[in-house]
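The block underneath contains the structure these notes are about, expressed in structure tokens.
In what follows, every chain begins at residue 1, and chains take the letters A, B, ... in the order their sequences are listed.
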2 protein chains.
Amino acid sequence: MGDFMERTELLPILLELFRQQGYAGVSIADVSKATGLGKSSLYHHFPEGKEQMAREVLQHVEVGVRESFVAPLKAVGDPHERLREMTKMVEDFYDGGRKGCILDGLTLGAASEPFRQMVARSVEAWVAAMASVAVEAGLSKKVARERAEDALIAIEGSLVLSRALGDQKAFKRVIKNLPQRLLGETNL
Amino acid sequence: MGDFMERTELLPILLELFRQQGYAGVSIADVSKATGLGKSSLYHHFPEGKEQMAREVLQHVEVGVRESFVAPLKAVGDPHERLREMTKMVEDFYDGGRKGCILDGLTLGAASEPFRQMVARSVEAWVAAMASVAVEAGLSKKVARERAEDALIAIEGSLVLSRALGDQKAFKRVIKNLPQRLLGETNL
DNA sequence: TCTAGCGTACCGAACGATCGGTACAGTGTC
DNA sequence: GACACTGTACCGATCGTTCGGTACGCTAGA
């Protein structure tokens, strides 16, 4: 039998559960079913239980954000091209709008507090990287920062709306317009 | 005590619970505590249980959206002024960004399906009203519709971000810029 | 080389608490 | 008496968590 269930295989599965169901909506039985591991095995890997699972998922996400979103933005080359590279990764990560955001799923309800700091770190890293690209493209620091925050807001909002309506076109439009939103010459 | 807890007093309390905790995060015990009503009383008022509670909250929200958001937009007078009126109501309803959105809270997880249609109706009514104001202000139908959808996306996104970061400034900035976002002369 | 002992990985069963929901006997008001 | 409403007691199911135990590979001592 495929022994050796490692964290690197476990965490993506947990991520998937939490982002779709939210923290309160995921039961240990769900996790057991999704991973194929018995309950007690789960507590072997995560002695502090469900909250630890969510914490480690968030750590895993932080790494993913840096590798998939921030890194392309910090690469060399044309700012527009780098931004397009990032949007591709974003579209992929959210599966074209079909999958929700863990920032959303893990901050609903009273369970949010243990996670807030980790969430904030990921958000800040991503926004800062987008802002930095915008500065490089010629925008002022202040405008760049606002545009970057707006971009993240648009992504999160479109994910909520796409999920609520069961229709991905809101997300797709936001993704398509994201480079223009961040670097374009609007007077907003 | 001839207390007489009516739906009109019950539903705002339920709304408060669901928007803060999400559907899965709210237990009947929570509802009982928040309303002061025993379980049997709750099941007297809502024979179909928790799902009915959420459904009626959503109906209640639909009415609220029409009365508080759509109606001001459909009033007579300067489009900018009407829009400013709406943003005031929005800011109030979300308590300056401190309170979440039920569209978000009630569409997380598998519980979403019974509610999707109702959610879609509220969203459509609101977006259509905003788009109509934008058309009146001189924008083309297509651009107006996109701007209206973007406005809603920005509101939802800023609510998620404000909650995640425990900081309302994202929401406040979106609210402040909302008239410009909808009616302004950006080239986006 | 045998084997005792240890650590890692896993499991089903069961824990007490809480879940959503029901049964029923009231209570007060018309 | 009919009816709206409520408290108490209870149901089976599920919650997150813990229990006792198994299987297996590694290491060390004899």
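- In A:Gln52, the CD atom is crowded: over 12 heavy atoms of neighbouring residues, nucleotides or ligands sit closer than 6.0 Å.
- Considering B:Val61, B:Ile102, B:Val31 as possible partners of B:Phe18, the one that fulfils the side-chain contact (heavy atoms from CB on, under 4.5 Å) test is B:Ile102.
- What separates CD of A:Gln52 from P of D:dT17 is a distance of 10 Å, to the nearest Å.
- Between the NE2 atom of A:His44 and the P atom of D:dG20 there is a distance of 18 Å, given to the nearest Å.
- The nearest whole Å value for the distance from the CZ atom in B:Phe46 to the P atom in D:dT6 is 12 Å.
- With hydrogens and angles disregarded, no donor-acceptor distance shorter than 3.5 Å links the side chain of B:Ser68 to the backbone of B:Val65.
- A donor-acceptor pair under 3.5 Å links the side-chain atoms of A:Arg163 to the main chain of B:Asp104, judged by distance alone.
- Separating the CG atom of A:Leu14 from the P atom of D:dG16 is a distance of 13 Å, rounded to the nearest angstrom.
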Summary of protein contacts for nucleotides 11-30 of chain C, nucleotide by nucleotide, where a base hit scores B, a sugar-phosphate-only hit scores S (4.0 Å, heavy atoms): BB------SBBBB-------

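- With a 6.0 Å cutoff to the six-membered ring centre and a 45° limit on the axis angle, B:Lys99 does not count as a cation-pi contact of B:Phe93.
- Both cation-pi conditions hold for B:Arg7 and B:Phe46: the charged atom is under 6.0 angstrom from the six-membered ring centre and inside a 45 degree cone around its axis.
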